[in-house]
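See below for the structure under consideration.
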Protein chains: 2
Amino acid sequence: MDFYKNEPQTLLAVDCVILGFNGESLEILLVKRGIAPERNKWSLMGGFVYEDESPEKAASRVLKKLTNLEDLYMENCGIFGEPGREERRVVSIVYFALIDATQYRHILSEEYEAKWFPLDKHPKLIFDHEDMISTAKHTLRTKAALYPILFELLPEKFTIPQIASLYECVYNIDLDKRNFSRKLLSSGLLIKLNEKDKENSRKGAFFYRLNMDIYKEKIMSFLRYLPSWSVDE
Amino acid sequence: MDFYKNEPQTLLAVDCVILGFNGESLEILLVKRGIAPERNKWSLMGGFVYEDESPEKAASRVLKKLTNLEDLYMENCGIFGEPGREERRVVSIVYFALIDATQYRHILSEEYEAKWFPLDKHPKLIFDHEDMISTAKHTLRTKAALYPILFELLPEKFTIPQIASLYECVYNIDLDKRNFSRKLLSSGLLIKLNEKDKENSRKGAFFYRLNMDIYKEKIMSFLRYLPSWSVDE
DNA sequence: TCAAAAGTGTTCTACCTACACCCATGG
DNA sequence: CCATGGGTGTAGGTAGAACACTTTTGA
């Protein structure tokens, strides 16, 4: 049978806020748009959702097409569907993706003109893409407050000073690295390696890697107004 | 100009997980589906997104059509777009809505056969609607841990025991009401009224109402690994 | 040997938890 | 006058914030 025959159809797109950490600050990957309208202007990487794929799948596909990377951390962070947001009616689902530092300067597809920009200083973007970045930032902050997802931005081996400066720049704050280090170590999330990073200091900071078992289980939230033991599920 | 002429179009729908609190437990509002396919089976209230409205607007419209209520607390909590989720390809955006207790037994539109069911004991639903409820539950818990949104489920005047039992049933836990009460009062969120609720106990519990100024500002999250003062924005 | 960054120890404080106990009231 | 649920007082513990201090190393 052919249901919903008279219902309106819509152009459905995805746009990706692609974030990376260069060790000092957050950057965002933008592309020069290849199609009209607004051709040759900077924008988020995006694309239309095909009929045989989910929006999430479309976002992965689009991301892979640009970066050649798969299995990135990705999360929906908003839907932009105001009727007037583009010349034609397009509803866009926004995802943010976190790219880890080892793959940071990866081979971008030659097909696109893409470039990393400082997150807080990038060119003007088309349509409502700047709003999309704002919601992505907000979602990232909220999410990172409850779940240890910022590790997705770090290489497999990382030091505590590294992740501290990542937190500093996501939240735009100044951390007491001494207390931060202890808090993090007490979480059980990290496994110490017998190796130091001598690049960035005389003494050198130990490398750690994630304890994946614990990482996956750390789906605990702080429950305001609730006792802290009350986390089930 | 006519852009995107050859791009695929999609049926875009919204589905609403409508939650209410009867003073004892959470309930969900379901409807008997009026159109094929799956006509006459229980489902979430939903509808297609029109060409001249945003998905959010569509959700409000659909919600109002069923309940005659406007300006409910509503939030996106997922997108369901796997190709095989319905007979025909439909991408559905899920919203959850919280209905406050005073409007709880409101006049449902006569157009629909709608009924409140206990959230943890409702009939089988069509398609992936049960998964939608799961993600809504999860989003509600996460959200309510960071923001005081559960007040949306209570009437304008409410007692602390009332909200305590609401928290108990959202998180499926047993609270120490004495400590809960103090914690809540110290938040500055509540304004005490000179009136007691004598319905539910001999002594009677004082009514409170929300301090809206503080309620709106309480967009603070607990930032794991971060000092608590580090909340900006 | 000095500067700089990594990391440890220690104190102070705030808050959370548990629980004893008091309060108000209707039957 | 007592059972019931609302609410306060308080003590002990835990965790965060602040910061002095030690460690490691290259220049």
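Lettering of chains follows the sequences in order, A, B, ..., and the numbering in each one begins at 1.
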- Separation of B/I18 CD1 from B/L63 CG (nearest 0.5 Å): 4.5 Å
In chain order, what residues pass the side chain to side chain donor-acceptor pair (under 3.5 Å) check against [X], with sequence neighbours excluded?
| X | value |
| --- | --- |
| A/N211 | none |
| B/N179 | B/R182 |
| A/S92 | A/D15 |

Under the rule for salt bridge (Lys or Arg N to Asp or Glu O under 4.0 Å), what residues qualify as partners of [X], not counting sequence neighbours?
| X | result |
| --- | --- |
| A/R178 | A/D176 |
| B/K64 | B/E70 |
| A/R33 | none |
| B/E27 | B/R105 |

[X] has an atom [atom1]; how far is it from atom [atom2] of [N], in whole Å?
| X | N | atom1 | atom2 | answer |
| --- | --- | --- | --- | --- |
| A/L184 | C/dT8 | CG | P | 13 Å |
| B/L185 | D/dG9 | CG | C1' | 15 Å |
| B/F180 | C/dT17 | CZ | P | 12 Å |
| B/D197 | C/dT25 | CG | P | 13 Å |

- How about B/L193 and B/R209: do any of their side-chain heavy atoms sit closer than 4.5 Å? yes
- Evaluate the side-chain proximity of A/K115 to A/W42: yes if any heavy-atom separation is below 4.5 Å, no if none is. yes
- Item | Listed partners of B/R202 passing side-chain contact (heavy atoms from CB on, under 4.5 Å), at least two apart | none
- Task: For DNA chain C, determine which residues of residues 199-206 of chain B have any heavy atom closer than 4.0 angstrom to one of its atoms, and list them numerically.
- Result: B/R202, B/K203
- Note on the structure: Ordered by number, residues from residues 153-165 of chain A within less than 4.0 Å of DNA chain C (heavy atoms) are A/P161
- Closer than 4.0 Å, any side-chain N/O of B/K198 to the OP1 or OP2 of C/dA24? no
- Between the two ends of the helix from C/dT1-D/dA27 to C/dG27-D/dC1, what is the bend in degrees, rounded to 10 degrees, where each end axis spans five pairs? 10°
- Message: For a quick check of understanding: with a heavy-atom distance under 4.0 Å over all strands, which category does B/K177 fall into, base, sugar-phosphate or nothing?
- Response: nothing
Identify each atom pair where a protein N or O and an N or O of nucleotides 19-21 of chain D are less than 3.5 Å apart, giving names and distance.
unit_1	atom_1	unit_2	atom_2	d
D/dA20	N6	A/R178	NH1	3.1

- Item | Cation-pi, A/F206 ring and A/K196 (6.0 angstrom, 45 degrees) | yes
- Task: Step through the shown structure and confirm whether more than 12 heavy atoms of other residues, nucleotides or ligands are within 6.0 Å of NZ on B/K57.
- Result: no
